[in-house]
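Taking it in order: structure first as structure tokens, then the write-up.
Each chain gets a letter, A, B and so on, in the order its sequence line appears, and its residues count up from 1. Below, all heavy atoms of this structure are taken into account, side chains as well, without hydrogens, waters or symmetry copies.
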Number of protein chains: 2
Amino acid sequence: MQDVSSHMVRRLQRFVSLTNAELALLADMERDSRAVSAGDWLWQEGDAADTLLVLTEGWSCSARYLPDGSRQLLEIFLPGDILGIGELADGKRRSDVSMLTDGRISEYAYPRLRELFERAERLRSALFVIANQRQAMLAERLVSVARRNARQRLAHFLCECRARLLEPASARQRFLLPLSQQDLADALGMSTVHISRTFSSLACLGLVRRRHYHILILDPARLERLAGFNGAYLQCDPQLLAPEPPAAEIQ
Amino acid sequence: MQDVSSHMVRRLQRFVSLTNAELALLADMERDSRAVSAGDWLWQEGDAADTLLVLTEGWSCSARYLPDGSRQLLEIFLPGDILGIGELADGKRRSDVSMLTDGRISEYAYPRLRELFERAERLRSALFVIANQRQAMLAERLVSVARRNARQRLAHFLCECRARLLEPASARQRFLLPLSQQDLADALGMSTVHISRTFSSLACLGLVRRRHYHILILDPARLERLAGFNGAYLQCDPQLLAPEPPAAEIQ
DNA sequence: CGTGATATTGATTCCACTCAATATGAGTGG
DNA sequence: CCACTCATATTGAGTGGAATCAATATCACG
């Protein structure tokens with residue numbers, strides 16, 4: 001039996017309950033990880049893509065840079081997240097990805113992946129589900145930026161981060177959010193100044209406090225109500241995934 | 001040899017060059033289509049999903065409705081587009097989809113699909129590529145709404161529509177855009193009033209004219225420059241798809 | 001203890017919103 | 001064929017939320 005408590009395994013098990021054989025394969029996948037530092041690029045737009053990445057530890061993000069020098073953060077990746085799923089399709093990285101914190105990543109070359117899929121088809125489906133969930137998150141951010149005011153937008157983002165954490169719900173009232181106000185501004189389509197003011201305003205309402213990258217959510221329920229947050233898009237009904245194969249088949 | 005000129009086939013052939021056998025399978029896929037009217041719902045959030053839809057004719061869109069009654073258009077679908085790819089993963093529709101115009105759709109039940117994939121694995125890959133491109137479009141709209149001003153935003157949207165049309169580039173200077181200013185506002189996170197003003201402003205600059213849902217692009221190059229449009233995200237490098245199978249194999 | 005990154009606060013500006021009035025045009029029935 | 005209606009679009013006036021500019025403040029770190 002392998003290290004079942006790895007972040008990635010815990011993340012995958014939100015979608016499929018894994019067999020021992022599958023756990024073994026995944027443990028193998030994370031076998032050799034390498035350390036990366038905050039600010040390091042994992043890849044850049046246009047790079048050739050021939051690996052899947054597992055973010056074993058740390059946070060990272062994908063971004064688009066605009067001609068005027070501003071940038072838009074597209075996705076935020078948390079420990080355990082799998083990066084580069086979409087690129088499986090066409091072999092070209094389509095946005096810049098860099099580390100927000102120090103961390104560890106393990107790489108998985110496409111040929112090894114194919115091999116993995118042959119032995120555990122359900123993992124392929126799991127990737128498809130994850131890609132799908134990413135799209136839902138992107139859509140939700142579009143809604144945020146297009147339709148919600150600054151306070152709702154920030155509140156919604158905090159709710160989403162909270163919901164994505166792997167810790168049990170009870171332990172998610174305070175957590176580390178390793179994004180500077182500049183990062184938050186770039187993610188939410190706001191100015192840094194207004195991020196600051198909006199945090200003040202949320203604090204005034206007794207909803208949230210932030211100090212040195214630490215978030216304390218004082219009133220989760222009221223925050224979600226304010227944000228119009230509905231976590232359904234983060235869940236997934238794994239029923240339609242291929243059923244767990246009989247143990248014999250994967251001996 | 002089947003009806004090669006169907007919208008869907010032309011769309012798929014942007015990604016893979018299809019064999020005769022694959023063309024036959026696809027023609028079968030579109031065999032029985034049914035008419036739908038502008039405003040008809042194709043499905044709603046939460047519906048059980050067990051079919052893929054091909055939009056044989058007409059335009060449609062997916063949308064999220066907010067508690068305050070406003071809505072955000074997420075995706076715009078053009079003739080030939082395939083709807084419900086993501087839902088293959090978890091069997092639940094995740095947004096409302098309705099027709100913008102009259103049209104025709106043909107449905108494809110999942111069991112039939114699996115059968116299809118067995119006979120033509122490359123079509124499965126093609127779906128994955130398409131899902132991926134959709135995500136890229138969503139990301140690009142997020143960038144638009146978060147970072148571009150009204151003029152660039154509308155200009156960018158028009159450039160994208162133009163690029164997605166199946167007509168040869170020379171014939172895309174004028175086209176039908178069957179979205180009301182209300183629809184455009186809902187898609188771009190603006191007010192109807194400002195859509196109107198922005199069209200005026202684009203007309204003043206000699207870039208675009210709109211009359212009764214008809215768009216005339218006067219200066220495509222300058223429009224793209226203004227919008228910061230780069231169509232790369234709409235293309236896809238199909239190299240990494242499984243190679244075309246030998247003819248014998250699919251007899 | 002100084003330095004540079006990060007955050008707060010105040011003053012001002014501006015883009016896009018809202019409200020409201022008017023225009024245009026397609027469709028309908030007298 | 002014209003008058004009426006309803007949906008859609010245009011235009012003007014006034015407002016406001018968030019941006020920008022600018023001046024501190026806080027804090028981690030060497």
What integer distance in Å separates B:His214:NE2 from D:dT8:P?
16 Å
note: A:Leu184, atom CG; C:dA7, atom P; distance rounded to Å ~ 8 Å
Would you call B:Leu205 and B:Leu218 a side-chain contact if the rule is heavy atoms closer than 4.5 Å?
no
Rounded off to whole Å, could you give me the CZ-to-P distance for the B:Arg210 and C:dG25 pair?
13 Å
So do A:Ile82 and A:Tyr108 actually touch side chain to side chain, heavy atoms under 4.5 Å?
no
DNA chain D-proximal residues of residues 190-197 of chain B, any heavy atom under 4.0 Å:
B:Val193, B:Ser196, B:Arg197
Contact check, side chains of B:Ile217 and B:Phe175, non-hydrogen atoms, under 4.5 Å
yes
Cation over ring face, A:Arg210 and A:Tyr213, 6.0 Å, 45°
yes
Answer yes or no on whether A:Arg225 is positioned over the face of A:Phe229, meaning its NZ or CZ is under 6.0 Å from the six-membered ring centre and within 45° of the axis.
no
Could you state the atom-to-atom distance from CZ of A:Arg211 to P of C:dT6 in whole Å?
17 Å
Heavy atom of residues 139-160 of chain B under 4.0 Å from DNA chain C: which residues?
B:Asn149, B:Ala150
Check whether any side-chain nitrogen or oxygen of B:Gln181 sits under 4.0 Å from OP1 or OP2 of D:dA7, and answer yes or no.
no
Does anything in residues 58-73 of chain A pair up under side chain to side chain donor-acceptor pair (under 3.5 Å), and if so which pairs, sequence neighbours excluded?
A:Arg64-B:Glu140, A:Asp68-A:Ser70, A:Arg71-A:Asp183, A:Arg71-A:Asp186, A:Gln72-B:Arg147
Applying the 3.5 Å cut-off to both distances, the Watson-Crick or G-U partner of C:dG30 turns out to be D:dC1
